[in-house]
Protein chains: 2
Amino acid sequence: MIRKPTSRETARKPNMREAILAAAEELFATNGFNAVSVRDIAHAAGANPGSVTYHFRTKDGLLLEIYRRHCGPMNLRRSELLAAARRVRDLQDRLEAIVRAYVVPAFTSGSDLAGGGARFTRLRAVMSAEGNEVARKIIAQTFDDTSHAFIDAIHESLPHIPRTDIVWRSHFLLGALYYSLVTPERVSRLSRGEADGSDAAGAIEQLVQATVAAFQAPALDQAAPARRRPVVSSKS
Amino acid sequence: MIRKPTSRETARKPNMREAILAAAEELFATNGFNAVSVRDIAHAAGANPGSVTYHFRTKDGLLLEIYRRHCGPMNLRRSELLAAARRVRDLQDRLEAIVRAYVVPAFTSGSDLAGGGARFTRLRAVMSAEGNEVARKIIAQTFDDTSHAFIDAIHESLPHIPRTDIVWRSHFLLGALYYSLVTPERVSRLSRGEADGSDAAGAIEQLVQATVAAFQAPALDQAAPARRRPVVSSKS
DNA sequence: TGATCTTTTGTACGATAGTACAAATCACAT
DNA sequence: ATGTGATTTGTACTATCGTACAAAAGATCA
């Protein structure tokens, strides 16, 4: 999109650059940024360490390019699905459609690259946990608009819930989404094999079902604690 | 608990060992394991790098000791609160009490060390995202029993929900909990200052309210998709 | 074929990592 | 006061890190 591909763009190996990107994405997403060395990436991609420097200059540049690759398409897909969801008449159905528009691209789409969006979403989860600065910047300036659009849409379908509560609950949604991608094996283990945490379709259905209910929870009346209060003692 | 403190246990600085542990906990929790060097930790604790080696032998040993410090007390507190919650008669109230028993210690308690359990819970979140092996082992063997106890308790108060769904939803709970501690500033930002993501009490109330509703969501009938299906097109 | 540009390779450099270890320093019982 | 064991300091070693760069190899077109 930025460079015009000259006719001799093709390299010796068919797209070594892409192989490096894919390997880096995989390694970063599973081990974190700092645990993976440029040499690890090069080795996994069948490339020479110097080749990474040639294509991306620095390790940060490599991470940045991964984000550039995915953020656009994923945001676009989310916007499309959100626009369609907003046109749903029934408020209950609309809420579910909105949540689905948020969740589905994170699991399955996001770019045409192999592996789908799940790997990239997991990468985002890990980078956010590590407090990576490069990631933080590009995420805030790329996804905050979309996040606000989703929050607004949800708020419209739940007018009686304060916006603050919606923000919190959408935050929980993202956390649940991230964690499902980070440690899927925990689900399999705790369910004693009855559930498969790595099954994207199953995870999506569970997440959508649970999240819709969470959004529909009664508003948190911060002023008046109307209902019964904590039943168990709380020391300090 | 393992060493009997001889009368000359006190060092030159009052508890340099504890200072190192606290500094490491803080740095690991905010930057990840690999991004923090032993020298960073020593500097933050006002200690000499060699002192870290003396007390904990290796960097892994330091992390392990942090876990040992917190896992026991936190598990104990959770068990106490869970036992109390199970005695609540009303099923709705009981469910909320159980969720609270899970959430509250993660935010506020967990050990007598300064800073409370929030720092340690955040540390666990980051280590889990990084796929840290030392952490994974000790977590699985320390918390799985407790997790099962909570899942069972929740299942008892929601008998009509399949266990699989409960597992998924408690997984989402943990993910939401982790993420709230990892990036609280995102809540403040998205709510445009109306909510404070760093306010533990507020986060707890929001999380409990949302999670209880999520647990109470209708069961996911994997066999019969009774309700209307996705309203928006799904390509691929 | 030979010139030219792109890509890959191989190697090296300075910085920093984790850890080991001897020497210095401390607290305390005698 | 002095000896003794626990702790802290200072330093050094080896490995690996990110990155730079010159040379080799490959591709493209005159």
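The analysis underlying the following values was restricted to heavy atoms, covering all of them including side chains, and did not include hydrogens, waters or symmetry mates. Each chain gets a letter, A, B and so on, in the order the sequences are listed, and its residues count up from 1. Everything numeric in this text was worked out from a predicted model, so none of it was measured.
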May I have the distance from [X] (atom [atom1]) to [N] (atom [atom2]), rounded to whole angstrom?
| X | N | atom1 | atom2 | result |
| --- | --- | --- | --- | --- |
| B/Arg39 | D/dT16 | CZ | C1' | 13 Å |
| B/Ile41 | C/dT16 | CD1 | C1' | 15 Å |
| B/Leu64 | C/dG18 | CG | P | 17 Å |
| A/Asn31 | D/dC17 | CG | P | 13 Å |
| A/Asp40 | C/dA17 | CG | C1' | 15 Å |
| A/Asn34 | C/dT16 | CG | P | 15 Å |

When you measure from every atom of DNA chain D, which of residues 49-61 of chain B have a heavy atom less than 4.0 Å away?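 Residues of residues 49-61 of chain B under 4.0 Å from DNA chain D: B/Gly50, B/Ser51, B/Tyr54, B/His55.
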Determine, for [Y] and [X], whether the Lys NZ or Arg CZ falls below 6.0 Å from the six-membered ring centre while staying within 45 degrees of the axis.
| X | Y | value |
| --- | --- | --- |
| A/Arg119 | A/Phe28 | no |
| A/Arg78 | A/Tyr102 | yes |
| B/Arg124 | B/Phe143 | yes |

Polar contact flag, side-chain donor to acceptor under 3.5 angstrom, A/Asn31-B/Glu130: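 There is no such pair (donor and acceptor under 3.5 Å, judged by atom type) between the side chains of A/Asn31 and B/Glu130.
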Please determine, by modelled atom types, if A/Asp144 and A/Ser147 share a side-chain donor-acceptor pair under 3.5 angstrom.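 Side-chain D/A pair, A/Asp144 to A/Ser147: absent.
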Are A/Tyr178 and B/Tyr178 near enough that their ring centres are under 6.0 Å apart?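 No, the ring centres sit 6.0 Å or more apart.
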Ignoring backbone atoms, establish whether B/Asn48 has a side-chain N or O less than 4.0 Å from OP1 or OP2 of D/dG10.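 For D/dG10, OP1/OP2 do have a side-chain N/O of B/Asn48 under 4.0 Å.
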Looking only at side-chain N and O atoms, does A/Ser37 come under 4.0 Å of OP1 or OP2 in D/dC17?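 Affirmative; the distance criterion is met.
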Closest to the A/Met16 side chain, choosing from D/dT19, D/dT8, C/dT8: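 Looking only at side-chain atoms, A/Met16 lies closest to C/dT8.
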